[in-house]
Amino acid sequence: MKFSIATWNINSVRLRMPIVEQFLVRYQPDIICLQETKCQNDLFPSKPLRALGYEHIIVHGQKGYHGVAIASRLPLSEDHRQDYCGVGDARHISAIVQHNGRRIRLHNFYVPAGGDEPDRSINPKFGHKLDFVEEMKALHAEREPGVSSILVGDLNIAPLENDVWSHKQLLKIVSHTPVETEGLLEVMKRGAWLDLMRQNVPESEKIYTWWSYRAKDWAAADRGRRLDHIWSSADLGLHLEGIDILKEARGWTQPSDHVPVTARFSL
DNA sequence: ATGGTTGGCTACCAA
């Protein structure tokens, strides 16, 4: 049986419902995980999502900033939200999804961007990001017996050399500094997570999921970064059919600066 | 080296 899950930093879900609907109608993922919804729970646009068949919706929002949500055609249960760093930000939501007799724990993350200066002594936002990543190291893909795991989201770190347009030029740029990339690789290693995008595309090839709003012509410059990720426990890696990075969505009307990434499984 | 753009919400901050 087919099973697919998409992740998209939507940068205001209310503003971008037209392109969310366009994506769901055209590509029909079973589940969509959103980040940066920037919307309180009672204002979340559940109705149009339900109308498209996404009847199971869990949200963790706050006013103005951050916010994560999961909308699913399959039942969700045992949902929870972890307050990473104990600062009250809405940056994580999790639930168990049931598919074809299998139970999958799904985590949806929005890791702090970390500001501009990659030095925690002068930039507390960078310190917060490092602390957040440190706390993620405790999350293991095989934590619950008999339950597989998927972790998705905007992790705001491009860990590999070909996850950025120029490794050399970005080494001191927040999202690609060694302390961040090593930290994220340690999260994967300690938690036994598989990088599904890199299982699908060799490390020698460039992959981007984000292109800055600040470029004059994002497509011509093509200075992207892979900030969005889909990880899984080892058992699910065997069932991955493919990964789709919808670069085209960066050129849609009033786009997010991130594009949707979808993992397709046969399970 | 610098500045570039976007969104939310209030007269700036975060990204």
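Every chain is numbered from 1, with letters handed out A, B, ... down the list of sequences.
The phosphate of B/dA15 (OP1 or OP2) has a side-chain N or O of A/R91 nearer than 4.0 angstrom. For B/dC9, the OP1/OP2 oxygens have a side-chain nitrogen or oxygen of A/R14 closer than 4.0 Å. Within the structure, a side-chain polar atom (N or O) of A/Q254 is placed less than 4.0 Å from OP1 or OP2 of B/dG7. An OP1 or OP2 oxygen of B/dA15 is reached within less than 4.0 angstrom by no side-chain nitrogen or oxygen of A/K129. Put simply, A/R214 has no side-chain N or O that comes within less than 4.0 Å of OP1 or OP2 on B/dA15. Residue A/K63 places none of its side-chain N or O atoms closer than 4.0 Å to OP1 or OP2 of B/dC9.
Comparing B/dA1 with B/dA15, their P atoms are spaced 25 Å from each other, to the whole Å. On the P atoms, B/dG7 is 22 Å away from B/dG3, given to the nearest whole Å. Distance noted for atom P between B/dT6 and B/dT2: 23 Å (whole Å). Remark: the separation of the C1' atoms in B/dC9 and B/dA14 is 12 Å, to the nearest Å.
A cation-pi geometry, defined here as NZ or CZ lying under 6.0 Å from the six-membered ring centre and within 45° of its normal, holds between A/R73 and A/Y54.
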> side chain to side chain contact (heavy atoms under 4.5 Å, CB included) between A/L246 and A/W252: does it pass, once the steps are laid out?
Replying inline: CA-CA 11 Å; A/L246 193 64; A/W252 287 355; 3.7 Å; yes
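A side-chain N or O of A/D235 and one of A/S148 form a donor-acceptor pair less than 3.5 Å apart.
Annotation: of the two residues near DNA chain B, A/T37 and A/Y213, the 5′-most nearest-nucleotide partner is A/Y213. Projected onto DNA chain B by closest heavy-atom contact, A/V13 and A/P112 fall at different nucleotides, the more 5' of which corresponds to A/V13.
A straight line from CG of A/D116 to P of B/dG3 spans 12 Å, rounded to a whole angstrom. In this structure, CZ of A/R225 is placed 14 Å from P of B/dA15, rounded to the nearest angstrom. As rounded to whole Å, 12 Å separates atom C1' of B/dG4 from atom CZ of A/R223. Regarding A/R16, its CZ atom lies at a distance of 12 Å from the C1' atom of B/dG8, rounded to whole Å. Straight-line distance from the CG atom of A/N9 to the P atom of B/dT6: 16 Å, rounded to whole Å. Taking atom CG of residue A/N123 and atom C1' of nucleotide B/dA15, one finds them 12 Å apart after rounding to whole Å. At whole-Å resolution of the value, OH in A/Y65 and C1' in B/dG7 are 10 Å apart. If you measure from atom CD1 of A/I157 to atom P of B/dA15, you get 14 Å, rounded to the nearest angstrom.
Taking a 4.5 Å side-chain heavy-atom cut-off between Ile, Leu, Val, Met, Phe, Trp and Tyr, the cluster of A/V179 extends to A/F126, A/L130, A/V174.
Checked against the 6.0 Å centroid criterion, the rings of A/H60 and A/H92 do not qualify as a close aromatic pair.
Residue A/K216 is out of contact with every strand shown, counting any heavy-atom pair closer than 4.0 Å.
Figure legend. B/dG3 is base-paired to no nucleotide; pairs are counted as Watson-Crick or G-U wobble with both atom distances under 3.5 Å. Pair check for B/dA11 finds none; no Watson-Crick or G-U wobble contact set falls under 3.5 Å.
Each of A/L267, A/V147, A/V97 was compared with A/R102 under the side-chain contact (heavy atoms from CB on, under 4.5 Å) criterion, and only A/L267 meets it.
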